[in-house]
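Nothing here was measured: the structure is a model prediction, and the numbers come from that model.
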2 protein chains.
Amino acid sequence: MKNSQLYKGSLNTIIMKLLEENGKMYGYEITQKVKVITQGELNITEGALYPALHKLEAEGLLDVEIEKVDNRMRKYYKLTESGQRETVNRLSELEDFIRNMQSLVNASPKLEF
Amino acid sequence: MKNSQLYKGSLNTIIMKLLEENGKMYGYEITQKVKVITQGELNITEGALYPALHKLEAEGLLDVEIEKVDNRMRKYYKLTESGQRETVNRLSELEDFIRNMQSLVNASPKLEF
DNA sequence: TATTATGTATAAGAATCTTATGTATATTTG
DNA sequence: CAAATATACATAAGATTCTTATACATAATA
């Protein structure tokens with residue numbers, strides 16, 4: 001997703017949050033939305049995105065619905081009920097994660113006199 | 001490190017930050033320190049920690065110094081100069097990462113009336 | 001007409017981690 | 001005293017997640 005390894009493991013949470021927020025989205029739309037929100041800092045690659053969407057669907061967390069717009073295929077994804085419940089958990093985990101990382105980082109640096 | 005995949009990719013940054021803060025630490029000490037700081041939420045496994053330390057050393061970011069305490073071996077790690085410079089970058093990346101994740105998550109959820 | 005944008009997909013390989021196992025000494029508990 | 005736990009390091013097999021490259025197809029732009 002980026003040169004920084006930190007984003008590893010966060011893609012599923014990002015997808016689910018965006019779907020919770022927007023109701024339904026298609027893959028390409030997700031990449032563009034993320035790019036805008038992060039001001040170009042985070043670029044989700046197709047090689048990461050599509051397998052992730054397929055897996056979430058296989059796990060029953062997403063439903064898919066195919067549409068044809070301007071003669072081009074779009075696969076709209078939305079959260080299932082199970083997916084909505086799981087999204088709450090994932091966002092809670094993300095909050096804990098961020099809090100823990102800030103605890104680790106904000107611990108006062110060594111003072112040098 | 002935990003059931004949450006979110007921590008994936010953050011171990012190197014955690015190690016380097018703790019070493020910046022504490023001067024020198026040995027592996028087991030790092031696992032205990034992290035456990036305390038995160039109030040038991042984050043447990044670094046040896047299978048993740050030791051390969052990570054070895055790799056950071058191989059990359060020239062850490063120096064190692066062996067001591068024997070109570071007849072038991074300890075390998076103290078500390079940041080090299082290069083490691084200190086790199087730590088600044090990693091912490092900056094972590095800040096960007098957290099900021100971006102918060103932007104993605106704090107985006108107003110769908111309002112239901 | 002060629003490139004860029006839109007749109008989805010997969011396969012090979014890299015990176016990071018989990019889980020399990022191994023070795024060894026010191027301390028605590030039953 | 002014996003067994004379990006704590007301290008301390010290490011690695012190997014496999015899982016998961018991602019990058020990079022490639023593929024196909026249509027629409028819009030240069």
*Asks:* Indicate, with a heavy-atom threshold strictly under 4.0 Å, whether A/Gly47 touches base, sugar-phosphate, or nothing.
*Replies:* base
*Asks:* Might you work through the side chain to side chain contact (heavy atoms under 4.5 Å, CB included) test for B/Leu53 and B/Leu49, ending with a clear yes or no?
*Replies:* CA-CA 6 Å; B/Leu53 287 171; B/Leu49 178 66; 3.9 Å; yes
*Asks:* How many whole angstroms separate atom CG of B/Asn43 from atom P of D/dA6?
*Replies:*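 Nearest whole value for this atom pair: 13 Å.
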*Asks:* Test side chain to side chain contact (heavy atoms under 4.5 Å, CB included) on A/Lys17 and B/Leu104 and set out the steps.
*Replies:* CA-CA 8 Å; A/Lys17 168 62 189 175; B/Leu104 288 163; 5.6 Å; no
*Asks:* If each of B/Tyr50 and A/Pro51 is mapped to the nucleotide of DNA chain D with the nearest heavy atom, which maps nearer the 5' terminus, i.e. the 5' end?
*Replies:* B/Tyr50
*Asks:* Rounded to the nearest Å, what distance is computed from the OH atom of residue A/Tyr7 to the P atom of nucleotide C/dC17?
*Replies:*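 Nearest whole value for this atom pair: 17 Å.
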*Asks:* Measure from CG on A/Leu49 to P on C/dA11 and round the result to the nearest Å.
*Replies:*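 So the two atoms are 17 Å apart, to the nearest Å.
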*Asks:* Which residues satisfy the side-chain contact (heavy atoms from CB on, under 4.5 Å) test with B/Ser82, sequence neighbours excluded?
*Replies:* B/Leu61, B/Thr80, B/Arg85
*Asks:* Filter on salt bridge (charged side-chain N to carboxylate O under 4.0 Å, His left out), then keep only pairs touching residues 28-40 of chain A, sequence neighbours left out; what's left?
*Replies:* none
*Asks:* Using atom names, set out every protein N or O paired with an N or O of nucleotides 13-15 of chain C below 3.5 Å, distance rounded to 0.1 Å.
*Replies:*
from   : atom 1 : to     : atom 2 : distance (Å)
C/dA15 : O3'    : A/Gln5 : NE2    : 2.9

*Asks:* Roughly how many Å is it from CG in B/Leu6 to C1' in D/dT17, rounded to a whole number?
*Replies:*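 Taking atom C1' of D/dT17 as the reference, CG of B/Leu6 is at 12 Å.
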*Asks:* To the nearest Å, give me how far apart NZ (B/Lys33) and P (D/dA8) are.
*Replies:*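 Rounded to the whole Å, the gap is 14 Å.
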*Asks:* Is B/His54 near enough to D/dT11 that one of its side-chain N or O atoms lies under 4.0 angstrom from OP1 or OP2?
*Replies:*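 For B/His54, the contact criterion (side-chain N or O under 4.0 Å from OP1 or OP2 of D/dT11) is met.
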*Asks:* Is A/Glu29 touching bases, backbone alone, or none of the nucleic acid, heavy atoms closer than 4.0 Å?
*Replies:*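 Nothing: the residue A/Glu29, judged by heavy atoms under 4.0 Å, touches no strand.
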*Asks:* Quick test of your reading of the model: are B/Glu86 and B/Arg90 salt-bridged, counting only N-O distances below 4.0 Å?
*Replies:* yes
*Asks:* A/Tyr28 side chain: which of D/dT11, C/dC17, C/dA5 is closest?
*Replies:*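 Nearest listed nucleotide: C/dA5.
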*Asks:* A/Leu53 has an atom CG; how far is it from atom C1' of D/dT16, in whole Å?
*Replies:*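 Nearest whole value for this atom pair: 16 Å.
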*Asks:* Using the side chain to side chain contact (heavy atoms under 4.5 Å, CB included) rule, take B/Gln84 and B/Glu20 through it: C-alpha gap first, then chi angles, then the decisive distance, then the call.
*Replies:* CA-CA 7 Å; B/Gln84 290 179 37; B/Glu20 184 195 60; over 6 Å; no
*Asks:* Where along residues 66-78 of chain A does a heavy atom come under 4.0 Å from DNA chain D, residue by residue in number order?
*Replies:*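 A/Asp70, A/Asn71, A/Arg72 - these, ordered by number, are the residues of the stretch whose heavy atoms sit under 4.0 Å from the strand.
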*Asks:* Would you say A/Ser103's side chain and A/Arg99's backbone share a donor-acceptor pair under 3.5 angstrom?
*Replies:*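 Yes; judged by distance alone, with no hydrogens or angles, the pair exists.
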*Asks:* Residues two or more places apart in sequence or in another chain: which of them pass salt bridge (charged side-chain N to carboxylate O under 4.0 Å, His left out) with B/Glu59?
*Replies:* B/Lys55
*Asks:* Please report the distance, rounded to the nearest Å, between CE in A/Met25 and P in C/dT6.
*Replies:*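 Taking CE of A/Met25 and P of C/dT6, I get 14 Å after rounding.
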*Asks:* To the nearest Å, how far apart are B/Glu46 CD and C/dT16 C1'?
*Replies:*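 Distance check: B/Glu46 CD to C/dT16 C1' gives 16 Å.
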*Asks:* Are OP1 or OP2 of D/dA8 and a side-chain N or O of B/Tyr26 less than 4.0 angstrom apart?
*Replies:*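 Looking at the OP1 and OP2 atoms of D/dA8, one of them is under 4.0 Å from a side-chain N or O of B/Tyr26.
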*Asks:* I need the full list of side chain to side chain donor-acceptor pair (under 3.5 Å) pairs touching residues 69-78 of chain A, with sequence neighbours left out, sorted by first then second residue.
*Replies:*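 Checked against side chain to side chain donor-acceptor pair (under 3.5 Å) - neighbours excluded - the pairs reaching residues 69-78 of chain A are A/Tyr26-A/Arg74, A/Arg74-A/Tyr76.
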